[in-house]
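To start, the structure itself, in structure tokens.
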Amino acid sequence: MTVTIIRENAIAVVTVDNPPVNALSQTLRQALVDAVAELDADAAVRAVVLICAGRTFIAGADVSEFGKPPQPPHLPDVVASIESAKKPWVAAIHGSALGGGLEVALGCAYRVAVPSASLGLPEVKLGIIPGAGGTVRLPRLIAPAAAVDLVTSGNPVGAKKAVALGLIDAVIDGDLRSGAIAFANDVAEKPLPQPISRRAVPLVDAGFWENAEKAVAAKAKREAAPLKALASIRNASETNFADAMAFERETFLELRGSSQAAALRHVFFAERAAPRPPELTGVAPRGIRSAAVIGGGTMGAGIAAALRDACLPVVLVERDTAAVERGLANIHAIYEGSVKRGRMMQAVADERMAGVIGGDDYGLLADTDLVIEAVFEDLSVKRAVFAKLSDICRSDAVLATNTSYLDPRLIGEGLAQPERFLGLHFFSPAHVMKLLEIVPTETTAPEVLATGFALARLLGKVPVRAGICDGFIGNRIVKVTRAQAERLLLSGATPSAVDAAMRAFGLPMGPFEAQDLGGLDIAAFQRKAARTRGETPFAPVAERLCAIERYGQKSGGGWYDYQSGDRTPKPSETVVAIIAEVAAGRPQRAWDEMSITDAIILPMVNEATRILEERVALRSADIDLVKIHGYGFPRWRGGPMHYAEARGLAEVVAVLDRLAAEGLAEPPCEGLRRPAERRHAISPS
Ligand code: 3H9
């Protein structure tokens, strides 16, 4: 870390250089305080420009310090010392001014930014609130409603909006450093502006805070930080600056040590580690300048849209002209939907569509860098596609199969240059869902695997490497979840009690509602395939429902009844009767919310641990990312593996043992038992 000070006549330029993102480590905080003292004492300096080297302005506090006791100088004091400097400090912002970075900028007398800069207070996304005056200074600078929005959403704003809000004073086109020096020369002539801390918060309309509270609570669901952030802004507008700062700091420190913050920090670092697996260090990916998708159904169209959104030219190949037209129409519908919802300008949608060429001639793929097969989930159909690609595509083109359950080794069997082949499991809708499971075979070349990860980066997705097994990481765990959900039904729980418990845990919907939405026929199809492999999938009630064509919402009923045109699930007498028949003779017990949650989540952890032991997943955090980004596991719980660690492995093992003794779950695997026993042995209590 370096902070350098260069004098440009009467302007001092303080440059922070603390790669990768100029986070506010203890050393940097101290260096900033020292810089204020040095420049205050230098009579030749009339104004100061605070600028950063590298890809961004200060991106916030150093999150890796959050697990440790705070070290002085504390950030609020650093900001206060900049704010009370005798000369005007001008924050010159490029990249992102986030969290503590924006708080430092709020201590400066002025803020200027390049047009591409973004500014925000993302602390709530880490389970905390701003801790260095963000909730106190912001409503003294910009309209309270805008401050509430910025702080409670955690979403940044661009430079243009920041000027409109009054968050920054000017946008600098051209070179930031020289523009900021010119700005500083100008303001050096003027009296110092009133520090933000001494400004008053504008009055708000009656009912403003109550309405804001309702809106924030509805969005935050069970996350604590957004409402705490709102409380701190409200307090800041109703009390003096010093008391408001004390309240903010107290809330910040309380949340910093919370389990939600620990979980969100875990996810933060897991997401940043995911695109760069250590086993691929130094392996250069192949270049991807063009892409093709085979198959224009829901998955294929979504993948094509994701590729187009990353600005790659896309060829869509289907088996005949009619199918090509349908595929193009599916992609068109995706963009039309985005335009209708106001998420995309019509001109952008047109440009995206114009970059897709459709055709039924595989010859179109002769010079494509990446081909993703996304045809029907049928081994022989997929194999036929690769037989054609094998001859037509360049020998160095990367060839990928999008499959959720089939064995990629069988799909790619017989392919010339098998080192160019791998599995890519997209999640539906593929242009929206963030997860990408990357499934290499034994023959996949390291640079082809690295290309899978590079593709994920390009598409803005979270990549996770998965080994080959039925369902890879995510769907293999889903199978266990579903089996557990049925075990619960057979021992006294109802579908609505199970779904309600999972929603209360933080999932967007429970296992039965989810099956009704997606269709029970898909899982039935997979169970059939599993039985032909000699497996015995456990779904006695689901089998009975499929036998009477209760496939879910699409057939007017599944685990629940649905009235036509209404997606609200209603408990079903038919289902109750089937459950009673299947459960006849089995012991019944009472289930409360916590015991239902345990009977679903902990077997999920057990299966995930097996997945790790088998090296189907390489890192436990990867499993957390799969469940969060592919299946709606609550982010603030950190994923199932983090949840189990936080809960205590000894307790997880004990609960699983109890469930297993009642025949309600598999016993805990060795991979869970061993560390639980080890930790128990070294624990003093
Ligand atoms: C805060 O400020 C609290 C204050 O209110 C109160 C204090 C009292 N700390 O994302 P990338 C690392 S809370 C430590 O891939 P990009 C990251 O782990 C903070 N490390 O880059 C990765 O490391 P590695 C509020 C950090 O260019 C590397 O930097 N601020 C931090 O795609 C590159 O990261 C935030 O929440 C950090 N704060 O995106 C901002 N940030 O190379 C969070 C990043 O070893 N950061 N790293 O894997 C971001 O949003 C993005 O990193 C950013 C750059 C947009 C800045």
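Atoms within a ligand are numbered from 1 in the order they appear, just like the ligands themselves. In this text the structure is predicted, and so the values were computed from the model without any measurement. Starting from 1, each residue takes its place in the sequence as its number.
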4.0 Å heavy-atom contact, G134 with ligand 1:
no

Any donor and acceptor pair, going by atom type alone, linking the side chain of R457 with main-chain N or O of P463 inside 3.5 Å?
no

4.0 Å heavy-atom contact, R29 with ligand 1:
no

Give the residue and atom name of whichever protein heavy atom lies nearest to atom 6 (C) of ligand 1, and the separation in Å to one decimal.
G131 N, 3.4 Å

Taking every heavy atom of E103 against every heavy atom of G133, the minimum-distance pair comes out as OE2-N, 3.3 Å

Ligand 1 N/O within reach of R55 N/O, cut-off under 3.5 Å:
yes

Return the option from A61, A261, S64, G99 holding the heavy atom at the smallest distance from atom 37 (C) of ligand 1.
A61

How about CZ on R199, more than 12 heavy atoms from neighbouring residues, nucleotides or ligands closer than 6.0 Å, or not?
yes

Side chains of L455 and L424: closer than 4.5 Å at any heavy-atom pair?
yes

Return the closest protein heavy atom for atom 40 (C) of ligand 1 as residue, atom name and distance.
A59 O, 3.2 Å

Quick one: does V21 get an N or O within less than 3.5 Å of an N or O on ligand 1?
no

Rounded to the nearest 0.5 angstrom, the NZ-OG distance for K125 and S153 is 6.5 Å

Numbering the atoms of ligand 1 from 1, which are under 4.0 Å from a heavy atom of F252?
6 (C), 7 (C), 8 (C)

Of P19, P20, S96, which has the heavy atom at the shortest distance from atom 55 (C) of ligand 1?
S96

Below 4.0 Å, non-hydrogen atoms only: which portion of R276 touches ligand 1? Side chain, backbone, both or neither.
side chain

Could you tell me if the ring centre of Y643 sits under 6.0 Å from that of F505?
yes

Should T56 be listed as contacting ligand 1, given a heavy-atom distance under 4.0 Å as the test?
no

The one among F57, F66, F268 that brings a heavy atom closest to atom 46 (N) of ligand 1
F268

Near P122 (heavy-atom distance under 4.0 Å), the atoms of ligand 1 are 25 (C), 30 (N), 35 (C), 36 (O)

Give the residue and atom name of whichever protein heavy atom lies nearest to atom 14 (C) of ligand 1, and the separation in Å to one decimal.
D62 OD1, 3.3 Å

Crowded around K228 NZ? As in, over 12 foreign heavy atoms under 6.0 Å?
no

Quick one: does A273 get a heavy atom under 4.0 Å from ligand 1?
no

Per-atom contacts, ligand 1 versus F269 - under 4.0 Å to a heavy atom
18 (O)

Can you confirm whether E250 is buried at CD, in the sense that more than 12 heavy atoms of other residues, nucleotides or ligands lie under 6.0 Å from that atom?
no

N-O pairing of R256 and E65 below 4.0 Å
no

Output the list of atoms in ligand 1 that are nearer than 4.0 Å to some heavy atom of P130, sorted by atom number.
5 (O)

Who gets closest to atom 50 (O) of ligand 1 by heavy atom: R256, R272, E65, R457?
R272

As an exercise, identify every atom of ligand 1 less than 4.0 angstrom from a heavy atom of G100.
1 (C), 2 (O), 4 (C), 5 (O)

Do you see a protein non-hydrogen atom under 4.0 Å from atom 53 (C) of ligand 1?
no

How far does CZ of R619 sit from CE of M641, to the nearest 0.5 angstrom?
13.0 Å

Mark up the atoms of ligand 1 that fall under 4.0 Å of a heavy atom belonging to L98, in ascending order.
40 (C), 50 (O)

Quick check: does any side chain N or O of R111 sit under 3.5 Å from a backbone N or O of L167, one acting as donor and the other as acceptor?
yes

Kindly indicate whether atom 21 (O) of ligand 1 is approached by any protein heavy atom to under 4.0 angstrom.
yes

I need the atoms of ligand 1 closer than 4.0 Å to a non-hydrogen atom of R249, numbered in the order shown.
8 (C)

Please list the nearest protein heavy atom to atom 9 (N) of ligand 1 with its residue and the distance rounded to 0.1 Å.
V63 N, 2.9 Å

Looking at R635 and E271, is there a salt bridge between them, counting it only when a charged N and a carboxylate O are closer than 4.0 Å?
yes

Under 4.0 Å from a heavy atom of L126: give me the atoms of ligand 1 that qualify, with their elements.
13 (S), 19 (C), 36 (O)

Mark yes or no for whether R222, through its side chain, and G506, through its backbone, hold a donor-acceptor pair below 3.5 Å.
no

Euclidean distance, H431 NE2 relative to S338 OG, rounded to 0.5 Å
5.5 Å

Looking only at protein heavy atoms, identify the closest one to atom 5 (O) of ligand 1 and say how far it is in Å.
E123 OE2, 2.4 Å

Can you measure from CG (L449) to CZ (R286) and round to the nearest 0.5 angstrom?
11.5 Å

